[in-house]
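Input: a single structure, listed below in C-alpha cells.
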Amino acid sequence: MVMQVTFNLNGKQVSASVEPRLTLGDCIRHTFAQTGTHIGCEHGVCGACTVIVDGDPVRSCLMLAVQAEGSEVTTVEGLSNDEYLTPLQQSFRTHHALQCGFCTPGFITTAHAFLTKEPDATEERVREVLSGNVCRCTGYLGIVEAVLAAQPAYRK
Amino acid sequence: MKMPKFEYASPNSVEEAVRLLAENEGSKVLSGGQSLLPILAFRLNYPSLLVDLKNVDGLSGIHIGPEDVRLGGRVRWCQIGDDKRLEAAHPLLVSVISNVAHYQIRNRGTVGGSLAHGDPAAEMPGFAVACDCTLTAVGSGGARKIAAGDFYTGALETVLEPDEIITELSIPKWPVDRRWGFQEFSQRKGDFAIAGVTVFYDHNPKGEIQDAHVGVIGAASVPMRLQEVENLLNGNRLTGELVAAAKECALRVVDPMEDSQISANYRRSLVGTLLSRVLNGTAGH
C-alpha cells in the first residue's frame, strides 16, 4: 500500500507517495532530503528526532508520515537560514551546549517550541522539559544554561 | 527498527472506525501512537491495518460536569496539564498525569490509548482503577460502559473487543476537602514507574478516615486497589501507628512481579515506602 501525503515542511508544501509504515522522521530525511533531523533510537526514548508539528514538539520516530497530512512541520532547518544563527542556536554555541552535535537538532527544536510557549519557565521546568532528550557528551549543564540564557529572545 | 508493513485508514467517525476494525482481522486502533509505534518498531506486533482516530471529531474534549469529569478518548496528556479548571475540579488527576513520560510524548499520547494499552506501571490505568472510573467503549454491538476495576485482565490485556474503541473516561466528582496524594518512583525522569501509590480519603464528622482508596501501579500484572489497607484506614485517625500498620499490611498483600532489573522484594519494599510517604503527606494536603 502506498499513500499520497501532503504537508507543509519548513514553509513549503511538500507531497510524496509513501508507505504507511514510513515514520515522519525517515520521510523528512529520505524523501525530502532534509537531514538536519537526526534519527537516534527509533523507539521514542532519545529525543534526537524531535520536530515541531503544528506548534508542538513531537518525536518524529513515533509519528507516521501519513499522520502529518495537512500539518505544519518545522525541523531545525526551518528555524534559521544559512546566513545567521537564531538567538537559541547562538546561545548553544556561547554556552558550549554541544560537542558531537548529534542530539542538538532535537534539543533545539524542543527548546524552541517550549520557549515560544513558556518564555518565563523556571530552571526546574526547563530541566523537566529537557529530560525528554538524551545527550551523551555535555552532561546537560551547558544545555540548561543555553536555554535559560535564550529566554529574553522569546519574551514579547 | 523499521516497522512491519500495514495498511492505514483515517476515518471521520467512530462508526466508520468501528466498521473498519470489525471488517479487518488483525487491525488496531491508532490514537497517539506513543506506545503502539514503539511496539511496531520492535516488531512485537504485526497489525494488518491501523485505524487512526485523528480525524474523528468529538473525542478530544474535557468536560467538567456536576457529577463527573469526562475525558474524551483522544485527550492528550498536555491538555490535562494546560486545563487550569482541572486544578480545582480534580487535583489528583493533574498530579498523577504530570508524571506521564516526557514533554514530546505528552504532546501526542492520549487517555484512551494508554487505557487500552494497559501497561501495569502506567499512570492512567492506575488512576482509573483507584478512582472508580467508568470507561465508555463503542464497538459493533453499540456502546457499553465498563468499570475500570473490571477492565484489566492481565499485563497489556483488557476486556476490550478487537472492534471496540474507548471514547470516554468518566471520573467521579471530587469533593473540595478530600485528602489525597500520589507518588511514583522511576530510575530516570519520565521512565515507567517501578511502582507508584495513590491514596485519597474523606473525613467523617468525627474526623476519622472514611472511603479510603489506595491504588498501586507497577506492583502486579494489573493496576489494583489494596482493599485490606483501605479497610485498615477506614474509621481511624491518621497517626504514625496507623501509617506503620498500613505499610505492614501493604507489604503483606502485594505480590509483585520480578524482572531482569528489579526484584520482587525491591518492588514490594518500594510500595511500602511510597505508601507511608503518601499517607504522611496527606496529613497536610
Side-chain angles (χ1 to χ4, degrees), chain A residues 1-5 18-26 30 39-71 106-107 109-111 113-114 117-118 121 124-134 140, chain B residues 1-10 12 24 27-28 30-56 74 76-79 81-82 98-110 113 117 186-192:
Chain A
M1 185 188 197
V2 172
M3 296 181 74
Q4 192 73 16
V5 61
V18 299
E19 280 190 272
R21 63 170 170 165
L22 186 71
T23 66
L24 177 60
D26 282 345
H30 299 165
I39 309 295
C41 70
E42 294 189 88
H43 64 287
V45 173
C46 77
C49 69
T50 303
V51 301
I52 304 167
V53 177
D54 298 326
D56 293 326
V58 304
R59 302 205 190 294
S60 67
C61 70
L62 295 191
M63 182 168 171
L64 303 172
V66 290
Q67 291 184 285
E69 175 68 34
S71 291
F107 272 100
T109 46
T110 301
F114 163 62
K117 288 182 197 190
E118 300 178 44
E124 188 189 1
R125 174 72 177 144
V126 169
R127 286 176 175 273
E128 184 185 319
V129 166
L130 295 182
S131 72
N133 292 65
V134 171
Y140 303 101
Chain B
M1 300 296 278
K2 304 302 176 193
M3 298 183 206
K5 288 191 178 188
F6 48 77
E7 314 255 297
Y8 172 89
S10 50
N12 293 307
N24 291 279
S27 55
K28 287 264 179 216
L30 174 60
S31 185
Q34 303 301 285
S35 298
L36 179 57
L37 296 186
I39 284 173
L40 299 186
F42 281 111
R43 299 206 175 196
L44 297 172
N45 200 299
Y46 291 78
S48 58
L49 166 73
L50 294 189
V51 179
D52 191 349
L53 301 181
K54 70 169 188 156
N55 292 329
V56 177
R74 276 210 24 95
R76 298 177 293 152
W77 307 126
C78 59
Q79 286 176 261
D82 289 346
S98 72
N99 290 276
V100 176
H102 294 114
Y103 188 56
Q104 298 95 335
I105 289 184
R106 298 167 58 77
N107 285 328
R108 285 192 70 77
T110 67
H117 181 57
S186 57
Q187 285 174 309
R188 284 166 300 264
K189 182 151 186 59
D191 279 8
F192 272 112

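Letters A, B, ... are given to chains in the order of the sequence lines, protein chains preceding strands, and every chain is numbered from 1.
Within residues 46-53 of chain B, the residues having any heavy atom under 4.5 Å from a heavy atom of chain A are, by residue number, B:Leu50, B:Asp52.
Between the NE2 atom in B:His102 and the OG1 atom in A:Thr110 there is a gap of 11.0 Å [rounded to 0.5 Å]. For the atom pair CG (A:Leu64) and CG (B:Leu36), the distance works out to 8.5 Å, reported to the nearest 0.5 Å. A distance of 4.0 Å separates NE2 of A:His43 from CZ of B:Phe42, quoted to the nearest 0.5 Å. Of the inter-residue distances, the one linking B:Leu37 atom CG with A:Leu24 atom CG reads 11.0 Å to the nearest 0.5 angstrom.
By number of non-hydrogen pairs under 4.5 angstrom with chain B, the leading residue of A:Thr23, A:Ile39, A:Thr50, A:Val45 is A:Thr50. Between chain A and the options B:Arg108, B:Lys2, B:Gln34, B:Arg188, heavy-atom pairs under 4.5 Å are most frequent for B:Arg108. Counting heavy-atom pairs closer than 4.5 Å to chain B, the top-ranked of the candidates A:Glu128, A:Met63, A:Gln67 is A:Gln67.
The environment of CD in A:Gln4 is crowded: more than 12 heavy-atom neighbours from other residues, nucleotides or ligands sit within 6.0 Å.
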- Query: When you look at B:Gln104 and A:Leu62, which way does the side-chain contact (heavy atoms from CB on, under 4.5 Å) test go after all the steps?
  - Reply: CA-CA 10 Å; B:Gln104 298 95 335; A:Leu62 295 191; over 6 Å; no
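Contact annotation for A:Leu130: neither backbone nor side-chain heavy atoms come within less than 4.5 Å of a heavy atom of chain B. There is no contact between A:Arg127 and chain B, counting heavy-atom distances below 4.5 Å. No part of B:Ile39 comes within reach of chain A, as not one of its non-hydrogen atoms sits under 4.5 angstrom from that chain.
A search for salt bridge (charged side-chain N to carboxylate O under 4.0 Å, His left out) contacts involving A:Glu19 returns A:Arg21, B:Lys5, not counting sequence neighbours.
Closest of all the heavy-atom pairs between B:Tyr103 and A:Phe114 is OH-CA, 3.4 Å.
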